[in-house]
Amino acid sequence: MGRLHIDLFVTLDGVAQAPGGPEEDPSGGFPFGGWQAPLMDDVVGREVGAGIADMDALLLGRRTYDIFAAYWPHQDNDIARQLNAVPKYVASRGTPDLGWSGSSLLGPDVVAEVRAVRDRHESTHVIGSIDFVQTLLAERLFDVLTLWVYPVVLGQGKKVFPDGARPSGLTLLEPPVAGSAGAVMLRYAPTGDDPATGDMTRDDDGT
């Protein structure tokens with residue numbers, strides 16, 4: 001079985017909506033599209049590039065797929081060559097244009113389809129695709145969750161873990177990495193368990 005990676009850019013208040021540009025996802029009247037762009041730096045670029053170089057399959061929601069498919073086939077750099085080369089799988093209830101080479105649509109049983117994709121490849125990455133990601137998180141259907149947390153508070157927008165998200169425990173896989181513009185990379189794996197609780201008012205001996 002391979003590993004399924006979820007890669008997200010998020011704000012301090014957990015918003016992952018439309019980091020890349022104003023038209024990426026304006027749903028809900030979101031006014032802050034492109035909030036990540038002023039805070040990119042070489043460290044973020046290096047780490048993101050390394051993650052893309054590692055992947056052998058790309059899994060995307062419909063909106064992110066449409067954005068990527070309109071952009072990356074027309075670029076010529078290491079990231080573009082990798083994204084253009086790997087198989088692309090799209091989660092959508094509709095009928096997206098799958099003109100980007102190597103693209104295919106997942107079937108209606110998305111959970112089963114994602115498990116099959118993970119079994120088929122060594123390193124499948126989900127980039128962005130917050131609506132789709134929330135389904136994967138609810139199913140605990142991921143192996144690595146990489147969050148780039150930016151020093152920005154937006155106060156609105158789609159959150160990685162909205163109210164009602166499934167309670168889950170996570171474990172930090174490696175020390176955090178910080179970029180010069182203040183973004184911090186946190187890489188987690190699911191424990192498979194619900195969060196543990198305790199009582200901070202009691203001593204270790206139970207008194």
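- Not counting sequence neighbours, the partners of Lys158 by the salt bridge (Lys or Arg N to Asp or Glu O under 4.0 Å) test are Asp25, Asp131.
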Pair Asp143-Arg118, side-chain contact (heavy atoms from CB on, under 4.5 Å): steps then yes or no
CA-CA 10 Å; Asp143 300 286; Arg118 182 171 64 177; 3.2 Å; yes
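- Inter-residue side-chain proximity for Arg46 and Val44 is flagged as unmet; no heavy-atom pair is nearer than 4.5 Å.
- Among all heavy-atom pairs drawn from Leu145 and Phe161, the shortest one is CD2-CZ, 4.0 Å.
- A pairwise comparison of heavy atoms in Pro151 and Ala181 identifies CG-O, 3.7 Å as the closest pair.
- Under the 3.5 Å distance criterion, with hydrogens and angles disregarded, a donor-acceptor pair is assigned to the side chains of Thr146 and Arg187.
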Yes or no on side-chain contact (heavy atoms from CB on, under 4.5 Å) for Ser92 and Leu105, after CA distance, side-chain angles and deciding distance?
CA-CA 7 Å; Ser92 174; Leu105 185 66; 3.9 Å; yes
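- Tyr65 pairs by the ring-ring contact (aromatic ring centres under 6.0 Å, His included) definition with Trp100, not counting sequence neighbours.
- Residues Asp41 and Ser180 approach most closely at OD2-N, 3.0 Å, considering heavy atoms.
- In terms of heavy atoms, Pro26 sits closest to Gln17 at C-NE2, 4.3 Å.
- Note on residues 34-62: pairs passing ring pair (Phe, Tyr, Trp, His ring centres under 6.0 Å), not counting sequence neighbours, are Trp35-Tyr150.
- Taking the charged nitrogens against the carboxylate oxygens, Asp56 and Arg120 have no contact shorter than 4.0 Å, which rules out a salt bridge.
- The cluster map of Ile, Leu, Val, Met, Phe, Trp and Tyr, joined by side-chain heavy atoms under 4.5 Å apart, puts Leu4 and Leu83 in different clusters.
- Under the side chain to side chain contact (heavy atoms under 4.5 Å, CB included) criterion, Gln75 pairs with Tyr71, Trp72, Asn77, Ala80, sequence neighbours left out.
- Smallest separation of non-hydrogen atoms from Arg140 and Ser168: NE-OG, 3.1 Å.
- Contact record, Val160 with Ala16: CG2-CB, 3.8 Å, taken as the closest heavy-atom pair.
- By the 4.0 Å N-to-carboxylate-O rule, Asp66 lies too far from Arg63 to be salt-bridged with it.
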Candidate pair Leu141 and Arg115, rule side-chain contact (heavy atoms from CB on, under 4.5 Å), full reasoning:
CA-CA 8 Å; Leu141 184 48; Arg115 292 188 191 280; 3.5 Å; yes
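- Here Arg166 pairs with nothing under the side chain to side chain donor-acceptor pair (under 3.5 Å) rule; sequence neighbours left out.
- By the side chain to side chain donor-acceptor pair (under 3.5 Å) test, Ser129 pairs with Thr64, sequence neighbours left out.
- With Phe132 as the partner, the side chain to side chain contact (heavy atoms under 4.5 Å, CB included) test is satisfied by one option alone out of Ile6, Leu59, Val90: Leu59.
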